[in-house]
Each structure stands twice: as C-alpha cells, then as structure tokens.
2 protein chains.
Amino acid sequence: METSGRQRPTMADVAEKAGVSRALVSIVFRDQPGASPQTRDRVLRVADEIGYRPDSAARLLARGRSRTLGVMFTVRQPFHADLVEGIYPEAERLGYDVLLSATAQGRGEDKAVEALLGHRCEAVILLGTDAQPVDIDALGHRTVAVSVGRRVPHARVDSVHTAEGKGVRQAMEHLVELGHRGIVHIDGGRGPGSVERRRAYRAAMRRHGLERELRVIPGEHTEQSGIDAGRSLLAERDHGRPLPTAVLAGNDRCAMGLLMTLAQAGVEVPRDLSVVGYDDSHLSHLMPIGLTTVRQDAVLMAECAVRFAVERLENAVSEPREAVLAPKLTVRGTSGPPPGG
Amino acid sequence: METSGRQRPTMADVAEKAGVSRALVSIVFRDQPGASPQTRDRVLRVADEIGYRPDSAARLLARGRSRTLGVMFTVRQPFHADLVEGIYPEAERLGYDVLLSATAQGRGEDKAVEALLGHRCEAVILLGTDAQPVDIDALGHRTVAVSVGRRVPHARVDSVHTAEGKGVRQAMEHLVELGHRGIVHIDGGRGPGSVERRRAYRAAMRRHGLERELRVIPGEHTEQSGIDAGRSLLAERDHGRPLPTAVLAGNDRCAMGLLMTLAQAGVEVPRDLSVVGYDDSHLSHLMPIGLTTVRQDAVLMAECAVRFAVERLENAVSEPREAVLAPKLTVRGTSGPPPGG
DNA sequence: GCGCTCTACTAGCGCGCTCTAGTCGAGTAC
DNA sequence: GTACTCGACTAGAGCGCGCTAGTAGAGCGC
C-alpha cells in the first residue's frame with residue numbers, strides 16, 4: 001500500500017494506456033466531436049480503470065475561463081442555506097461550477113471573497129453582504145458580482161431582493177387589522193434589507209396614525225439581538241412601561257431569540273404579544289406554534305442571482321440590474337389579536 | 001469602462017512594471033528569502049497598484065501540492081455550521097486553504113466529493129457522511145479522508161466523533177433519575193452516530209430493567225422525522241395507548257420537530273413529556289425553554305479533524321486513527337419529572 | 001490519375017505560476 | 001592577483017490541461 005502522496009493519474013497516463021494522443025483524451029472528456037464512438041468508449045473505460053479525473057486547476061488554467069461561480073455566505077444564517085440549495089441546481093443547469101466560501105468568526109467578508117477570487121471564480125454572489133456600498137462597488141469593478149438580499153443602488157453590481165416595503169406593509173396591515181396599535185420594530189442594523197424594512201415600518205405606522213406608538217429598537221439579524229430586545233422590553237415592563245402588543249422583528253432569527261426570551265419570562269405568544277418575523281427560513285416552520293413571517297422565495301432568488309451572474313458573464317450586460325421579487329406574508333401561530341383587543 | 005472580460009494582471013505584469021524578473025516576484029509573494037527589502041517593497045507596491053493577486057489555480061498546478069482541505073457538509077445541518085466555523089481557523093493556522101462543498105437536493109455526497117477532488121483538495125473532511133462504509137473506504141484509498149461524527153471501523157480513514165454511548169448513557173441516567181420509565185428513542189436511521197446511540201439506548205433500558213418499555217421509532221436526523229414520530233405517538237394516544245413520558249431524540253433537529261408537533265397538540269413539555277436531544281447545535285439554546293441535549297464540542301471536533309488530515313498529509317501516518325471526544329449532558333428546560341412522578 | 005471533402009486523430013504551444021540551477025557582482029581571505 | 005562565499009537576482013523547464021493548426025487516410029466525382 002502506497003503512502004498518501006501517490007501520483008494522481010493525468011491525461012497522459014490515460015492516453016498512453018489507451019494508445020491514443022493526449023489531445024484525443026481531452027476531446028473525449030470535453031465531449032467534443034472528433035473521436036469515434038469506439039475510441040471514446042475505450043478512453044473512458046481506461047480512465048475509469050486508472051481512476052483518472054480531470055484536474056480542474058489545470059483545466060481552468062488552460063482555457064481562459066473557469067466557469068465557476070463563487071458564493072459568499074454566512075454559515076448559521078438559515079436563510080442562506082435555503083439560498084445555497086437553490087444556487088447549486090441552477091448553476092449546474094447552466095454549466096457552471098460553484099465554490100462556497102463562508103464568513104465566520106475571524107473570517108470576514110473580505111477574506112471570504114478573496115478566497116473565491118483567488119480560486120478564479122468568474123463571478124461572486126454575495127448572500128446578505130454587510131459590506132460598505134463602496135467596497136461592493138469596488139468588487140463589482142474587479143469582477144462580476146451579484147448581491148442577494150441587499151440592494152446596492154449606485155454600485156456596479158446586480159442585485160436580487162424582495163420588495164421589502166411590500167412585505168413589511170403586509171405584515172403591518174395584518175397586525176393593524178388584528179387590532180394592534182403598539183407595534184415595535186426591532187431592526188436589522190446594517191443587515192440586508194434593514195433600511196428598507198425600517199422605512200416601511202415607519203411609513204406604515206404613520207399611515208395608520210400611529211406615529212406616537214412608533215418605536216424602533218436597534219438590533220441585528222441574530223438570535224442574540226432578539227434576546228437583547230426582549231430583555232429590555234421586559235425590563236421596561238418591570239419599571240411600569242407596558243409591553244407593546246406586537247413586535248415586527250428584523251428577521252426570523254431575531255424573532256426566535258425574542259420568542260425564547262418571552263417564553264422564559266412567562267409572556268405568552270400570541271396571547272400577550274404578537275411576533276412577526278421575516279424571511280420564512282425553515283426556522284419558521286419549526287417554532288412550536290409556527291412563526292408568522294414574511295416569506296421570501298429563496299429558490300427563486302437563488303435562480304435569479306445565478307442567471308444574473310451568468311448573463312453578465314456571457315453577454316457582457318452593461319447596466320446594473322435589479323430583480324425585486326414579491327414577498328408574501330405567511331400567517332402562522334405567533335400573531336393574534338392584542339390582549340385587550 | 002471595460003467589459004467584464006478584462007484581463008487580470010499576472011506576475012509578468014508586475015515583474016515588468018517593477019523592472020524585475022517573474023521569478024523575483026514569485027519569491028516576494030511566497031515570502032521567501034532571496035529578495036532585498038527594497039525590491040520586496042517595490043514589488044508589493046506595484047502589485048497592489050495594478051491589482052495583482054496570485055492565481056491559485058496556476059500556483060496549485062505549479063507546486064505539486066494544493067494545501068487545500070475539502071469539506072463536505074450538509075447545508076441546513078446546524079451542527080455542521082458549528083463544525084465549519086471551527087475548521088476555518090484551524091486550517092488557516094496550519095497553512096491550509098478550505099474548500100466547502102455542500103450536499104443538497106439533487107446533489108448527493110458523491111457529487112459533492114467529486115467537486116472537491118476535482119479542485120485538487122489533498123484531503124476530504126466528511127461531516128456526518130451517510131455513505132456506505134465501502135465507499136468511504138474507497139475514498140480513503142484515493143485520498144486522505146477524515147470522517148466527522150461517524151466512525152468507520154475498517155476503512156482507511158481517520159474519524160472524529162464523540163463517545164455516543166457515554167452521551168446516551170448520561171441522558172438516560174438523567175431521565176431515569178427523574179423517574180421516567182417509558183422512554184422512547186427516535187433513532188437517526190443511517191445518520192452518523194445513530195447505530196451507537198440506538199445500541200446505548202437499548203443497553204441503558206435493559207440495565208435499568210426497562211426492557212419491556214424499550215421502544216425505538218425509526219427516524220432520521222431531520223425535523224420532519226421528529227414531526228412524524230410525534231404524530232404517530234399522538235395518533236396512538238388517541239387510540240388509547242398512553243404517551244411515553246420521555247423521548248430521546250436522534251439529534252436536536254429531530255427533537256425540534258417533535259417539540260413543535262407536541263406543542264401544537266397541546267402536550268406541554270416537560271410537564272407531560274420530557275424531550276432530550278443530541279448535538280447541542282446552537283438550535284438548542286433557541287428553544288424557548290432550552291433543549292436538554294447531549295453536548296458535542298464542535299470546535300474541538302473540527303480542530304481534531306483538521307489536525308488528523310494535516311498530519312496524515314505531512315507525516316504519512318499509516319494506521320487509521322480515531323478520536324473519541326467526551327460528550328456532556330446539558331440539562332435545560334425540556335426535561336423534568338414524569339407526569340405522575 | 002487528380003483534387004476535393006470529411007472524419008479521426010496528433011503535435012505542440014501556452015495558461016500563470018513554482019522551483020531548480022544557474023549568473024553576476026560585491027565582499028573576504030590569503 | 002586568485003579563490004572562495006554569499007546575497008540578489010534570472011533563465012527556463014514543467015505542472016495538467018485546452019485548443020489551434022495540422023496530417024493521414026478514406027471516400028467520392030470526374
């Protein structure tokens with residue numbers, strides 16, 4: 001038994017063993033005309049026998065193009081998982097390879113993106129980037145970039161997102177119709193879509209004549225943020241200020257954290273307080289009573305992002321494009337009439 | 001403004017602009033002795049100016065080694081997210097690059113692994129693989145492979161997992177001490193660790209003289225599995241068979257699904273029924289009342305896996321190795337005394 | 001016979017890098 | 001002066017492929 005450093009077979013090995021030229025092997029593996037069926041067969045058989053597998057580094061170097069899409073995402077962001085699942089099949093359908101690079105503790109977006117570019121990805125798909133517009137624009141000049149979830153108005157990147165305003169509006173209508181007036185918004189800080197959601201929340205409150213009840217608690221798109229917001233609401237209650245009757249969370253994760261904190265404090269949802277999330281990541285179904293949330297169609301967004309990237313690569317599209325998908329409120333168990341209502 | 005197909009600068013461009021040879025640029029970028037500080041500086045400045053960035057495909061092709069670890073994981077498996085977060089820093093510390101490849105709908109483990117090997121990963125780290133031992137062994141012969149979460153006894157791969165038996169035993173002791181007797185296990189099917197957990201469950205039941213109560217509901221490591229199991233338990237209750245007083249779920253996801261179903265049916269946890277999970281993925285903290293679960297230290301497991309891979313690559317370790325980490329029961333809110341107890 | 005086309009195949013350059021085996025010049029020893 | 005060392009740098013082969021330009025041979029019409 002050899003050591004782990006065994007030589008991996010190359011095209012030349014296959015060619016020799018099959019008694020043909022390297023070029024012919026190349027032709028066979030690229031599935032191009034120029035080889036007889038018999039030869040094709042023999043080459044493939046030999047290749048299989050000796051365990052040959054094309055080296056994508058060399059292949060990539062040789063042809064100018066890598067036909068690879070890089071995806072930057074955040075491990076732990078359940079909605080990103082949904083998106084990644086949608087990206088793979090669409091990329092494969094269009095003949096592209098996918099490389100993932102995650103951001104994590106100690107591995108910022110810049111590092112994740114550099115890794116992708118170093119591997120010669122032709123385009124970078126950013127899932128819910130938190131980067132400065134300036135940096136995103138710079139990236140868009142260096143390569144083809146698509147931002148998913150966050151619109152980047154004046155940058156040279158395509159973007160795919162949902163009509164945040166529309167989604168928030170639906171959620172707010174829902175709550176107001178149920179009779180809520182004291183509706184608080186925990187926002188997503190610099191998270192994707194946050195600005196738009198916050199704005200839409202404010203507008204909705206005003207439209208319903210609730211500007212005096214308007215309140216935005218700063219947060220971000222994490223469970224911790226929901227927990228923190230929950231704690232401060234509870235602390236306020238203990239100091240005499242009543243709880244709001246409904247909370248519009250920045251996203252599902254935030255809603256989850258909030259729900260956890262409320263439950264621990266004995267606040268019953270939706271009897272005492274209604275909670276609405278955003279994303280409809282698969283988290284939402286897992287809540288015991290089901291999270292009322294605004295659904296973003298992850299698969300559709302993913303497909304759209306891939307298509308944007310590929311079209312730009314292949315047709316040299318010039319203008320930045322923007323796909324705005326329609327979100328849809330999904331009512332589940334965390335929203336109901338307000339306590340006194 | 002050029003089209004997207006702009007030429008990316010190469011070492012030759014840097015060399016020319018800096019007035020040195022390509023080799024010197026290479027030396028500078030590999031941070032190797034053989035260049036004066038002034039030259040080094042100049043080269044780096046020029047490179048930065050024209051936006052040069054080493055092409056890892058070419059680099060990888062040129063030196064024999066890629067210094068890249070491939071990680072196969074399942075998007076949506078929260079515990080994998082925890083592991084991935086641990087893998088990045090340890091790999092970086094040891095000077096290795098990481099490539100992720102996810103399994104997903106329509107993209108099986110074989111496809112995910114092929115992608116990694118095609119990209120010249122020197123080793124493959126399999127997170128919770130579901131593949132046949134035969135296939136894993138074959139992979140181990142083709143490359144360096146490490147299996148995390150699942151032990152693969154007679155295969156040529158290293159493995160990292162926790163002492164499943166020990167974890168289950170702790171969970172069972174906990175439940176029995178609380179007074180439970182009717183303890184059901186929803187198993188993880190072919191999922192990693194399932195066999196061992198099932199066996200340990202059986203052994204514990206027998207040891208406590210509860211073989212008549214012993215019951216394993218077939219499942220897998222998904223929320224759906226917990227939902228299904230919950231539904232059948234509820235259906236049985238409606239036909240007169242009493243609910244068990246405790247359920248040991250195959251993993252946290254399964255526990256979550258179960259909890260959801262129970263809550264919807266008005267079964268209160270832990271008053272009517274106790275639930276224990278397995279993994280302590282970050283899901284566990286998010287449960288409103290906190291999931292009692294068996295903690296596996298993801299970071300430690302990740303580091304261990306990376307080290308195994310790297311050591312095998314660099315020292316040609318011959319014997320398959322196995323790291324067995326100690327799990328630890330983490331009691332939270334989903335376990336309590338049985339109804340009548 | 002000739003020229004033509006068409007299929008099946010091959011030679012060999014080049015992708016952007018690494019790395020070995022050098023060269024060159026300044027410094028040191030005697 | 002010669003003989004050496006040492007640091008700074010370069011020439012050029014080669015990594016495993018893709019691809020262009022080509023050849024050899026069969027088949028066809030005249």
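Every chain is numbered from 1, with letters handed out A, B, ... down the list of sequences. Keep in mind that the numbers below use all heavy atoms, side chains included, and drop hydrogens, waters and symmetry copies.
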field: Residue closer to the 5' end of DNA chain D, Arg63(B) versus Arg42(B) (nearest nucleotide)
entry: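 Its nucleotide being nearer the 5' end, the pick is Arg42(B).
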- request: Pick base, sugar-phosphate or nothing for Arg120(B), based on heavy-atom distances below 4.0 Å to the nucleic acid.
  value: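 Sugar-phosphate, backbone atoms only, no base.
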- request: Would you mind classifying the nucleic acid contact of Met11(B) as base, sugar-phosphate or nothing, using non-hydrogen atoms under 4.0 angstrom?
  value: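 The residue Met11(B) makes base contact.
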- request: Check whether the side chains of Arg40(A) and Ser36(A) place a donor and an acceptor atom closer than 3.5 Å, and report yes or no.
  value: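 Ser36(A) and Arg40(A) do not have a side-chain donor-acceptor pair below 3.5 Å.
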- prompt: Is a side-chain donor-acceptor pair under 3.5 Å present for His161(A) with Gln296(A)?
  reply: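 No.
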field: Interface residues of residues 15-38 of chain A with DNA chain D (non-hydrogen, below 4.0 angstrom)
entry: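 Heavy-atom cutoff 4.0 Å gives Arg22(A), Ala23(A), Ser26(A), Arg30(A).
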Nucleotide [N], atom [atom2] - distance to [atom1] of [X] in whole Å:
X: Leu60(B); N: dG14(D); atom1: CG; atom2: C1'; result: 15 Å
X: His119(B); N: dG16(D); atom1: NE2; atom2: P; result: 17 Å
X: Leu61(A); N: dG16(C); atom1: CG; atom2: C1'; result: 5 Å
X: Arg65(A); N: dC17(D); atom1: CZ; atom2: C1'; result: 17 Å
X: Asp13(A); N: dC15(D); atom1: CG; atom2: C1'; result: 13 Å

field: dC30(D) - base-pair partner by Watson-Crick or wobble geometry, distances under 3.5 Å
entry: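 Because both required distances fall under 3.5 Å, dC30(D) counts as paired with dG1(C).
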message: So for atom CD, which belongs to Glu322(A), do other residues, nucleotides or ligands contribute more than 12 heavy atoms lying within a distance under 6.0 Å?
response: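 Above 12, so yes.
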- prompt: Which of these passes side chain to side chain contact (heavy atoms under 4.5 Å, CB included) with Val160(A): Val146(A), Val306(A), Val324(A)?
  reply: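 The side chain to side chain contact (heavy atoms under 4.5 Å, CB included) with Val160(A) is passed solely by Val146(A) among Val146(A), Val306(A), Val324(A).
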field: Comparing Ala58(B) and Thr39(A) on DNA chain C - which has the more 5′ nearest nucleotide
entry: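 Per heavy-atom nearest nucleotide, the more 5' residue is Thr39(A).
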task: Give me the ring orientation class for Phe29(A) and Tyr52(A): parallel if the planes are under 30° apart, tilted from 30 to 60°, perpendicular past 60°.
output: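 Because their plane-to-plane angle is over 60°, the rings of Phe29(A) and Tyr52(A) count as perpendicular.
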query: What residues, two or more places apart in sequence or in another chain, satisfy salt bridge (Lys or Arg N to Asp or Glu O under 4.0 Å) together with Glu109(A)?
result: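 Scan of Glu109(A) (salt bridge (Lys or Arg N to Asp or Glu O under 4.0 Å), adjacent residues dropped) gives none.
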